[in-house]
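Take a look at the structure below.
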Amino acid sequence: MEPDREPTNSVQLQDSFSFEGPVRPRNYTRRKALNLFVKGLLIVAAVLVLYPVVDILYLFAYKGLQVISISRLIETTAGAASFNPHAAGGLANAILGTLFIVGLSSMIAVPLGVFGGVYLAEFSNDNRFSSIVRFFADVLAGVPSIILGYVGFLVLVLRFNLGYSALGAAIVLSVLMFPYTVRATELALKRVPNGIKEGALALGSSKTTIINRLSLKFALPGILTGILLSLSISVGETAPLLYTAGFSDYINWTACCHTQIGYLTYVVFTFYTIPTTNAIDLSYLATFLLILIVLVINIVARVGLRRLSRDLESRI
Amino acid sequence: MIAEELEQEQNSGMTLSDKSVKVDEPLQPSSDRLDSVGSRGRIDITDLSVFYGHLQVLKNINLAIEPHKITVFMGPSGCGKSTLIRTLNRMNDNVPGFHVTGSVTIDGVNIYSRGVDPVLLKLRVGMVFQKPNPFPLSIYDNVCFGPKIHKMTKSKAEMDDVVRVSLQKAGLWDEIKDRLKESALKLSGGQQQRLCIARAIAVRPEILLMDEPASALDPGSTTRVEDLMVDLAASYTVVLVTHNMQQAARVGNKVAFLYRGDLVEVGQAPNIFENPTNPLTEKYISGKLV
Ligand SMILES: Nc1ncnc2c1ncn2[C@@H]1O[C@H](COP(=O)(O)OP(=O)(O)OP(=O)(O)O)[C@@H](O)[C@H]1O
Ligand SMILES: [Mg+2]
């Protein structure tokens, strides 16, 4: 009968494909050992990378939580660095200053970067000009920020006579952010499937329509990732701001000109060297807040954007 | 208004050919044109050669493609079928080095002449691709994409009708009428391809180009798409590329056989498979052509 024959077959099949059979490669043991060894190396490397991160987070979370208080969040640094043993004060001016400068700089860098990225990805046809732009964007990303700060000082503070100001600082920071926003936009747009663009083209869409209605939507998570990355880099910048923003102990919402402004990295950089407990506490707190901001940006980038790209796939 | 037209066509099996369109007008998407769509769609290819840079891909093609018929391009891989079909709605314009000599006229207008807007041309000549390429939008937004960007409807209700009728024509409506707001990417491959067909006919083209529309589909979906092509031929000029000879025999009216850029033989559908005159065609049909 038919059903009888089937089991015989499958037994035979199983036999010939058994892994314990004579087909085992000769260097099998060596391959397994090597595999194990490489795996071990990778784990060691991962721990070496993780250790400093965890250590930093732990140290500054520990210190930061010790020194944080409401008054240190709502008062300014005015007088905080004096040698008066009863000196008080907080970081309000520095927190708001950092947010103000970074906000201003993204208002410059994001539109420019996105437009630049759209140009590179969709309109340049990879001509000479576009490869020059791309090259400079890549070089710019590697220029030490202190050099950009110095150039900003010479050009903006002195030549254009902005003086120390939030505007000058924001312009220098936006130069720093630009390579990230422009390249992220370009790469995200280039990842849009060609089939989708052709489908839209075949419906009589113009290039701008395709970009507006489909490509940018599809590329949004990638573009936002680039923007957030550039934000977290610029939040932590010190040198360019020392050259262009000066520092102020007071809250200041003036962008231009000859008006110095406070920011967190300055507090980290200078208060630590002032031998009073209050100043050192404030520099710990500033560090803690900076790490917190960067952490929040990164979490938003990872969690929020993952959800966004999932939504892009499923809903809209 | 569009929807009514579409519906009429569907119900009455198409007899709009008496409505005339002026030869120099049809490349404009005026509402006039929309009202009289379906009456035309004749393509004449004359001495057409196509180049990618120095590479000549098509050599002196002469072919007439008649309205309301299904014209099939066949031939071995790389012979230039996709190039030819994409030449008919200027999809290749942006390919570096692409240029043509000779002419392609649609209802008497050379589509490569100056003054023809390639964007508007694509409104008259729709296209369906080998791989289903739904937009990452809802089913509804996929279908209304074309009408929306060309502002073809005046109200939401009218748009709803266009979407419904297009999906009905594509034979997809009954399956998905309750999920219009869901992502098109959730549909199966066969459903996605029919959605792409609905999307293409929503702008009411006169000509529908299909480049291997069923080659990525299972037999069931293939049959559905084939039935759909036959239905569509009632209202549109259909041009089909396929490797599947049974399919060509089932749905094709006219079959054009291409080999290395040459148009080797043209014939009526069942005939060319039974009595090919050219030895190359015969070899291809019997599977001996490499
Ligand atoms: N964008 C392009 N640039 C340069 N050459 C191209 C381009 N597209 C196609 N070709 C060439 O043109 C020739 C015809 O290609 P085409 O895609 O038209 O063939 P096909 O008949 O559609 O083949 P298939 O059955 O495999 O789809 C091939 O030799 C191919 O290499
Ligand atoms: Mg092809």
Side-chain angles (χ1 to χ4, degrees), chain A residues 118-131 134 184-225 304-316, chain B residues 27 29 82 85-86 88-96 117-150 152 181-186 192 195-196 199-205 208-211 216:
Chain A
V118 169
Y119 170 76
L120 286 185
E122 304 285 349
F123 292 97
S124 68
N125 290 326
D126 290 319
N127 56 19
R128 176 81 55 86
F129 177 68
S130 71
S131 42
R134 225 171 266 132
T185 305
E186 184 193 0
L187 292 179
L189 282 174
K190 284 198 164 161
R191 271 203 308 272
V192 177
N194 202 34
I196 288 182
K197 290 190 205 165
E198 286 216 313
L201 184 67
L203 286 173
S205 318
S206 64
K207 209 162 182 174
T208 27
T209 309
I210 299 177
I211 294 168
N212 270 338
R213 294 193 183 244
L214 290 172
S215 301
L216 278 179
K217 219 172 248 182
F218 203 92
L220 190 63
I223 296 173
L224 287 180
T225 306
L305 292 183
R306 188 166 314 148
R307 176 164 311 161
L308 185 65
S309 42
R310 194 155 16 92
D311 282 7
L312 263 183
E313 296 286 295
S314 62
R315 199 174 41 83
I316 295 201
Chain B
L27 300 172
S82 297
I85 203 171
R86 291 165 64 92
L88 303 182
N89 69 341
R90 296 184 59 173
M91 277 297 284
N92 278 337
D93 279 13
N94 292 327
V95 175
D117 183 341
V119 166
L120 300 183
L121 171 69
K122 291 182 184 75
L123 270 181
R124 289 187 64 192
V125 190
M127 185 154 197
V128 176
F129 299 81
Q130 174 172 10
K131 219 174 133 232
N133 55 353
F135 302 142
L137 306 171
S138 71
I139 294 169
Y140 185 96
D141 287 339
N142 261 275
V143 182
C144 77
F145 191 91
K148 206 157 147 190
I149 61 175
H150 299 297
M152 287 176 155
K181 292 287 160 217
E182 275 178 39
S183 166
L185 303 181
K186 282 189 187 161
Q192 286 185 357
L195 177 67
C196 291
R199 187 176 73 188
I201 59 183
V203 292
R204 309 217 54 208
L208 203 55
L209 309 176
M210 305 174 110
D211 192 351

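- In this structure, B:Arg199 satisfies the cation-pi test against B:Phe135, with its NZ or CZ atom closer than 6.0 Å to the six-membered ring centre and inside 45 degrees of the ring normal.
- In this structure, chain B has a heavy atom under 4.5 Å from the side chain of A:Leu214, while its backbone stays farther away.
- Using a 4.5 Å heavy-atom threshold, the side chains of B:Met127 and B:Arg86 count as touching.
- Options B:Lys131, B:Lys148, B:Lys122 differ in how many heavy-atom pairs under 4.5 Å they form with chain A, and the most are formed by B:Lys122.
- The candidate with the highest count of non-hydrogen atom pairs below 4.5 Å against chain A, out of B:Val125, B:Val119, B:Leu209, is B:Val119.
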Begin from the C-alpha positions of A:Thr209 and A:Asn212 and carry the test side-chain hydrogen bond (donor to acceptor under 3.5 Å, both in side chains) through to its verdict. CA-CA 5 Å; A:Thr209 309; A:Asn212 270 338; over 6 Å; no

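- In this structure, the portion of B:Pro134 lying under 4.5 Å from any heavy atom of chain A is its backbone and not its side chain.
- Heavy-atom neighbours of A:Lys207 NZ from other residues, nucleotides or ligands within 6.0 Å: above the threshold of 12.
- Contact count versus chain B (heavy atoms, under 4.5 Å) is highest, among A:Ala202, A:Pro193, A:Ala200, A:Gly195, for A:Ala202.
- Heavy atoms from other residues, nucleotides or ligands lying under 6.0 Å from CZ of A:Phe129 number 12 at most.
- Contacts between B:Val128 and chain A at a heavy-atom distance below 4.5 Å are absent for every atom of the residue.
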